[in-house]
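Data first, discussion second: the structure below is written as structure tokens.
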Amino acid sequence: QVQLVESGGGLVQAGGSLRLSCAASRRTFRDYAGGWFRQAPGKEREYVARISAGDGYTDYGDSVKGRFTLSKDNAKNTMTLQMNSLKPEDTAVYYCATSVDSGAVWSTDWRDWGQWGQGTQVTVSS
């Protein structure tokens, strides 16, 4: 099993930036895809971004495309989500995810991912 721990959330004004990190307890992102999802109060968990195993191909949800950048460091077992030009509608709890038990996962549906961090709060004020 693998444990994921997010960090880097906080309060920022609209137009500002935050960087979220996800640390895995063992070698993970070299062999398995990683993803970020978010959940605002009263809303369903929403896909944000994903990064492939190996060479790190990235994909983004439409609402964050062009503003967020996902990267990883295989040697450190970490993923980093750089969030720029933040908007109040980006306010949510952000979760990182992977799936080491289900084979290759490359899905925008949060239900397909098996391992989750505890989440980190991002609040963007207007």
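All values below come from the heavy atoms of this structure, side chains included, with hydrogens, waters and symmetry mates left out.
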Give a yes or no answer on whether the side chain of [X] reaches the backbone of [Y] with a donor-acceptor pair at less than 3.5 Å.
| X | Y | result |
| --- | --- | --- |
| S99 | W113 | no |
| K72 | F29 | yes |
| S25 | V2 | no |
| R19 | M83 | no |
| R67 | S85 | yes |

Kindly give the heavy-atom pair with the smallest separation between [X] and [Y], and that separation in Å.
| X | Y | value |
| --- | --- | --- |
| F37 | S107 | CZ-O, 4.2 Å |
| L18 | G8 | CD2-O, 3.9 Å |
| A14 | P88 | CB-CD, 4.1 Å |
| Y94 | V48 | CE2-CG2, 4.3 Å |
| Y60 | T69 | OH-CA, 3.4 Å |
| S17 | N84 | OG-OD1, 2.9 Å |

Just checking, is any N or O donor in the side chain of [X] or [Y] under 3.5 Å from an acceptor N or O on the other one?
| X | Y | result |
| --- | --- | --- |
| S63 | R38 | yes |
| T28 | N77 | no |
| Y47 | D59 | yes |

Kindly indicate, with the supporting measurements, whether the criterion side-chain contact (heavy atoms from CB on, under 4.5 Å) is fulfilled by E46 and Q39. CA-CA 6 Å; E46 176 191 17; Q39 189 165 18; over 6 Å; no
How long is the span from the CG atom in L86 to the OG atom in S125, to the nearest 0.5 Å? 10.0 Å
Could you measure the distance from the CG atom of D55 to the CG atom of N74? Nearest 0.5 Å is fine.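 So the gap between those two atoms works out to 9.5 Å.
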Check ion pair K43-E89 (N to O, under 4.0 angstrom): no
State whether D62 and K65 are salt-bridged, where the test is any N-O pair (Lys NZ or Arg NE/NH1/NH2 against Asp/Glu carboxylate O) under 4.0 Å.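 Salt bridge: yes.
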With a 4.5 Å limit on heavy-atom distance, are the side chains of V124 and Q13 in contact? no
Close side-chain approach of Q3 to Q115, heavy-atom, < 4.5 Å: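 Counting from C-beta outward, Q3 and Q115 never come under 4.5 Å.
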May I have all residue pairs that pass disulfide (SG to SG under 2.5 Å) and include part of residues 47-100, sequence neighbours excluded?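 Non-adjacent pairs meeting disulfide (SG to SG under 2.5 Å): C22-C96.
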Using side-chain contact (heavy atoms from CB on, under 4.5 Å) as the criterion, point out the one residue from V122, T80, L70 that pairs with L20. V122
W110 and W116 aromatic ring geometry - parallel, tilted or perpendicular at 30°/60° bounds: perpendicular
Dump the intermediate steps for side-chain hydrogen bond (donor to acceptor under 3.5 Å, both in side chains) on T123 and Q121, then the final yes or no. CA-CA 6 Å; T123 303; Q121 176 70 47; 3.3 Å; yes
Under 6.0 Å between ring centres: does that hold for W36 and F68? no
Going through the distances and angles, do T108 and R50 end up as a side-chain contact (heavy atoms from CB on, under 4.5 Å)? CA-CA 8 Å; T108 60; R50 54 188 171 171; 3.7 Å; yes
Stepwise, does the side-chain contact (heavy atoms from CB on, under 4.5 Å) test hold for M79 with D73? CA-CA 6 Å; M79 281 196 300; D73 186 327; over 6 Å; no
